[in-house]
There are 2 protein chains.
Amino acid sequence: MQRVTIAQVAERAEVSTATVSRALSGARPVSDEIQRRVIAAARELGYSGNSIASALRRSRTDTVGMVVPSITNPFFTSLVESVEHVLQAEGRQLFLCDSRQEPEVERGHLRSLMARQVDGIIISPCHGSESASAVQGAAETLPLVQLDRRVAGTSTDWVGVDDHEGMRLLLEHLHAAGARSAAFVSSAMTNSSTELRLAGFKLQVERLGMTTRAEWILLGEYSVAWGRRATETLLDGGELPDAIVCADDLIAIGALRTCRVRGVTVPDDVQITGYDDIDFAELVDPALTTISQPRDRIAAETVRLLATAETWGGTAAHTALAPALVVRESTEPSGWSPPYPRFGDGEHQESSSRS
Amino acid sequence: MQRVTIAQVAERAEVSTATVSRALSGARPVSDEIQRRVIAAARELGYSGNSIASALRRSRTDTVGMVVPSITNPFFTSLVESVEHVLQAEGRQLFLCDSRQEPEVERGHLRSLMARQVDGIIISPCHGSESASAVQGAAETLPLVQLDRRVAGTSTDWVGVDDHEGMRLLLEHLHAAGARSAAFVSSAMTNSSTELRLAGFKLQVERLGMTTRAEWILLGEYSVAWGRRATETLLDGGELPDAIVCADDLIAIGALRTCRVRGVTVPDDVQITGYDDIDFAELVDPALTTISQPRDRIAAETVRLLATAETWGGTAAHTALAPALVVRESTEPSGWSPPYPRFGDGEHQESSSRS
DNA sequence: GTGAAAGCGCTAACAG
DNA sequence: CTGTTAGCGCTTTCAC
């Protein structure tokens, strides 16, 4: 098994270990002749390197750790995919961890990533407050950027989407499509996305002169199952709102499902919107109107920020990218036609400050 | 930012570094008094360990690498989730890599995992033949088990589902539901799942006296988009089969979508089946009849095999678990009633041999 | 039960 | 350009 070391290659090529290291890593120029001998010796012996030893010596792993709340949530997997793609282009690897929505598990992952000497950490914290100390602690030791969600009151970098803007797009669209009352189904208020989306919802409802009710604000979790249950509650509750605004696509898909089972027609009886624009959003029936996040852009920005933090450190940046409205079949009741053009372009850099 | 080492802890606790190591890892007993001092010193200094150094010394990382063809395929993410769960119970970590269906990327990941000295590798190879050499090479150096898919002609451990049995369940069900002809939509024949499922399909079609045609066997990729396109081809091709058997749920969901767009009723005009039973299978309309794979069981078996390989080495085992039929709305045309009970229990250990 | 010392495999000085 | 030397931070004999 895994035996052959640089020393054996050196012996076979009749050079020093240092030369082998240089020839193989290309850190410094080596004569053609020796280069050839080393390469040959390495392949003959099946040398494959030991990045553990290399990492110890260089105190660099070329690896970044990423922690997401749930690996089965399509939104996060596509984010992971984008991040990994960007990283791969720079020859770095991603160490992926799933916190399964549990702050304790998340804390463990963070600890382990630090012990593994990753060069930086990208995290979407699972909890708005309980994740705070671990995230803050990690950020004090190495470059860390929060993605999508963020914990309250930390001074680390963050990249995500402008949730207020997202809610504005959604509610203006619904309002224009005739909705005058709306319910909001989300996860329990344990993270920033949830809080910002709810705040945005309330603000826009008020601004547009729409109505909502306390019983129409349902907080559970980001899952299809919760979307189903919440919608059942809504349907059982008597009067139905004109629209059900869901805090993510999974919830919205559950809502759609319940409506179909109960014989409620979408969008004619009730309009439904999602958030994230996961792949399945356009595959359900009716296809889901939702907010699209610029995932590749978010990923690129995140990695860039990580690199910045490596050299600069200390100065935190919050980057909010503009979301886009994607109109499909779950809104705009039949007979309706758009009164004015769509929104959803541009971008704004939120701030760049140190606390 | 500067990492605190065991030496600093030792100094502060006024003991040797060896003692600190022992106290912290619990490798050997240490007096209560010293134990306390070390723990205190460690936490006061914010010591967090360096598993790189530890790994180098112990030549053990307590990490296993996992390579999947696509992290956005829900089937694989749920498999990953199961595996990670099992591993976590033993205090080991998972290093996840996405080969993006590219043998070259896969090869790179394998190399990198070996260089990282992972204790073992779990892989679902992306290609039936092109993945072979890299997989074989890795397997010669460290414990490796293939999951779900496997490359042709290797002698490594494998855990998956009995695809022949899966096809038998599916086709007997369709036959009993009145289907006498069937099409098969799958990915291009570049991996074992595909091959086995296609072989199983043909065998059962023949055994049950059903018909198929060369133009009804459509090979593309495991994706919703391909399912859509293939089904369009089918619909444009004149006579329609009684059933469309899809090699995975994504393809089936695409097929469903095309049928709806084209006004073809499922299951009355054509029955459709999937494979894998991903979460979304029951959320589409009509809900998908499919084959369920015992994911937790597969994961547990895989990890067990990995541990076995660590100590034994050399003897390969192929473990095929029994799949189960899940009947939903996309089969059994209206007015139909089940003539006999369902199948899908039990399990069989395929073999245990060395090549 | 504890300490001293010898490396794990590699790379970064520092000569030559 | 190439070799020699000195560790990276930790675990583990081997003594006491």
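Convention: sequence-line order gives letters A, B, ...; per-chain numbering from 1.
Between Gln93(B) and Thr63(B), the side chains place no donor N or O within less than 3.5 Å of an acceptor N or O (distance only, hydrogens not considered). Between the side chains of Arg116(B) and Ser51(A), no donor-acceptor pair is found at a separation under 3.5 Å. With no hydrogens or angles considered, no side-chain donor-acceptor pair links Ser192(B) and Arg149(B) at under 3.5 Å. A donor atom on one side chain and an acceptor atom on the other are not found under 3.5 Å apart for Glu301(A) and Thr319(A).
Within the nucleic acid shown, Ser59(B) has no heavy atom closer than 4.0 Å to any nucleic acid atom.
Here Ser21(A) reaches the OP1 or OP2 of dT11(C): one of its side-chain N or O atoms lies under 4.0 Å away. At the phosphate of dT2(C), neither OP1 nor OP2 sits under 4.0 Å from any side-chain N or O atom of Thr19(B). One finds no side-chain N or O of Ser31(B) lying less than 4.0 angstrom from the OP1 or OP2 phosphate oxygen of dG1(C). Within the 4.0 Å cut-off from OP1 or OP2 of dG3(C), at least one side-chain nitrogen or oxygen of Ser16(B) is found.
Residue Arg116(B) contributes atom CZ, which lies 15 Å from atom P of dC10(C) at whole-angstrom precision. Rounded to whole Å, atom P of dT11(C) lies 9 Å from atom CG of Asn50(A). Put simply, CD1 on Ile34(A) is 8 Å from C1' on dC1(D), counting in whole angstrom units. Protein atom CZ of Arg60(B) is 19 Å distant from nucleotide atom C1' of dG9(C), rounded to whole Å. Straight-line distance from the CZ atom of Arg58(B) to the P atom of dT12(D): 7 Å, rounded to whole Å. Between the C1' atom of dT5(D) and the CZ atom of Arg57(A) lies a distance of 11 Å, rounded to the nearest Å. In this entry the distance linking CD1 of Ile52(B) with P of dT11(D) reads 13 Å, nearest Å. The distance between atom CD of Glu14(B) and atom P of dT2(C), rounded to the nearest whole Å, is 14 Å.
In this structure, the nucleotide among dT11(D), dC10(C), dT2(C) sitting nearest to the side chain of Tyr47(A) is dC10(C).
Tyr47(A) and Ile6(A) make their closest contact through CE1-N, 3.5 Å (heavy atoms, listed as atom of the first residue, atom of the second, distance).
Positionally, the nearest nucleotide of DNA chain C for Arg28(B) lies more toward the 5' end than for the other of Arg28(B) and Ile6(A). Checking Ala53(A) against Arg22(B), the closest nucleotide of DNA chain D that is more toward the 5' end is the one next to Ala53(A). Each of Leu56(B) and Ala18(B) was assigned the nucleotide of DNA chain C with the nearest heavy atom; the assignment lying further toward the 5' end belongs to Ala18(B).
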